[in-house]
**Student:** 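First, the structure itself, so that you have it in front of you.
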Amino acid sequence: AQKVTQAQTEISVVEKEDVTLDCVYETRDTTYYLFWYKQPPSGELVFLIRRNSFDEQNEISGRYSWNFQKSTSSFNFTITASQVVDSAVYFCALSAVNTGNQFYFGTGTSLTVIP
Amino acid sequence: EAGVAQSPRYKIIEKRQSVAFWCNPISGHATLYWYQQILGQGPKLLIQFQNNGVVDDSQLPKDRFSAERLKGVDSTLKIQPAKLEDSAVYLCASSLWPTGDTEAFFGQGTRLTVV
């Protein structure tokens, strides 16, 4: 079975602080994909990043960076120098070939950036 | 490129009534998903289509929920009769193909309130 755990329910930071959102996953598949989505108050899920299980390279995109560690089954997301516009709910998700590639989402982390 | 379109954005109905949601995916996307997102939770897959065929509907409450994707493009999701616990946001998503190495694009969702 596939499972994604986001232990942090809510996080508040002051603008310009760095913040890391944790994601731990469980799967028995050897081929799987990990995703992060952002859900602003408008409700639409916005794709941020996709990683496959064979690529453990960390990635940086502007103020966003992702740390994928298979040894700890984690795929953490860091926002550097946070901004008010980063306030949203962030979801980590997993998909695997053996379960039809449907997305299994975590429960989300609500991030509030205080000006 | 136009995104995933959903309508209506909001719907309030009484329990035991019926309701229908509509989704128009991104042009050329063969895979279409319907997700249910209960407040405070991550989205949960209800049904997945590949073109106009059903790939996975194992979590669709078939005694009250139905979905179709005519001609492999637009899709409708129906609930009849609705229960209080159906109050949620219903998200439609589409992707180029069903494998995990592509992201899904989500619509803004339909917020259903059953009273």
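We name chains A, B, ... by the order of the sequence lines, and we start the count at 1 in each one.
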**Student:** More than 12 foreign heavy atoms under 6.0 Å from CZ of Arg51(A): is that the case here?
**Tutor:**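 More than 12 within 6.0 Å, yes.
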**Student:** Give the cluster check for Phe68(A) versus Ile49(A): same hydrophobic cluster or not, with ILVMFWY residues linked at side-chain heavy-atom distances below 4.5 Å.
**Tutor:**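 Linked within one cluster.
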**Student:** In the single-linkage hydrophobic clustering (I, L, V, M, F, W, Y; side-chain heavy atoms under 4.5 Å), do Val89(A) and Phe75(A) co-cluster?
**Tutor:**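 No, Val89(A) and Phe75(A) fall in different hydrophobic clusters.
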**Student:** For Ile60(A), does the CD1 atom have more than 12 heavy-atom neighbours from other residues, nucleotides or ligands under 6.0 Å away?
**Tutor:** no
**Student:** Do Leu21(A) and Leu34(A) land in one hydrophobic cluster if side-chain heavy atoms of ILVMFWY residues count as linked below 4.5 Å?
**Tutor:** yes
**Student:** Pick whichever of Gln50(B), Gln48(B), Gln6(B) has the most heavy-atom pairs under 4.5 Å with chain A.
**Tutor:** Gln48(B)
**Student:** Is it the side chain or the backbone of Arg111(B) that comes within 4.5 Å of chain A heavy atoms, both, or neither?
**Tutor:** neither
**Student:** Any chain of hydrophobic side-chain contacts (each under 4.5 Å) joining Leu48(A) to Val113(A)?
**Tutor:** yes
**Student:** Which of the residues Gly40(B), Gly109(B), Pro43(B) is involved in the greatest number of heavy-atom pairs with chain A at under 4.5 angstrom?
**Tutor:** Pro43(B)
**Student:** Looking at Gln108(B) and Ser42(A), what are the two nearest heavy atoms and their distance?
**Tutor:** NE2-CB, 3.9 Å
**Student:** Mind checking whether Trp36(A) and Val13(A) sit in one hydrophobic cluster, side chains of I, L, V, M, F, W, Y counted as touching below 4.5 Å?
**Tutor:**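 In one cluster with Trp36(A): Val13(A), yes.
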**Student:** Can you tell which part of Tyr104(A) gets under 4.5 Å to a heavy atom of chain B, answering side chain, backbone, both or neither?
**Tutor:**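 Contact with chain B involves no heavy atom of Tyr104(A) at all.
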**Student:** What are the two closest heavy atoms between Gln37(B) and Phe91(A), and how far apart are they?
**Tutor:** NE2-CZ, 3.2 Å
**Student:** Decide yes or no for Gln39(A) and Phe106(B): does some side-chain heavy atom of the first lie under 4.5 Å from some side-chain heavy atom of the second?
**Tutor:** no
**Student:** Give a yes or no on this: more than 12 heavy atoms of other residues, nucleotides or ligands lie within 6.0 Å of atom CD of Gln57(A).
**Tutor:**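 Open: at most 12 neighbouring heavy atoms sit under 6.0 Å from CD of Gln57(A).
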**Student:** Taking the side chain as C-beta and beyond, is there a heavy-atom pair between Gln59(B) and Gln102(A) under 4.5 Å?
**Tutor:** yes
**Student:** Under 4.5 Å from any heavy atom of chain A, what part of Ala93(B) do you find: side chain, backbone, both or neither?
**Tutor:** neither
**Student:** Could you go through the side chain to side chain contact (heavy atoms under 4.5 Å, CB included) check for Tyr37(A) and Glu103(B) one step at a time?
**Tutor:** CA-CA 10 Å; Tyr37(A) 280 86; Glu103(B) 62 269 28; 3.9 Å; yes
**Student:** Take the angle between the ring planes of Phe47(A) and Phe105(B) and call it parallel below 30°, perpendicular above 60°, tilted in between.
**Tutor:** tilted
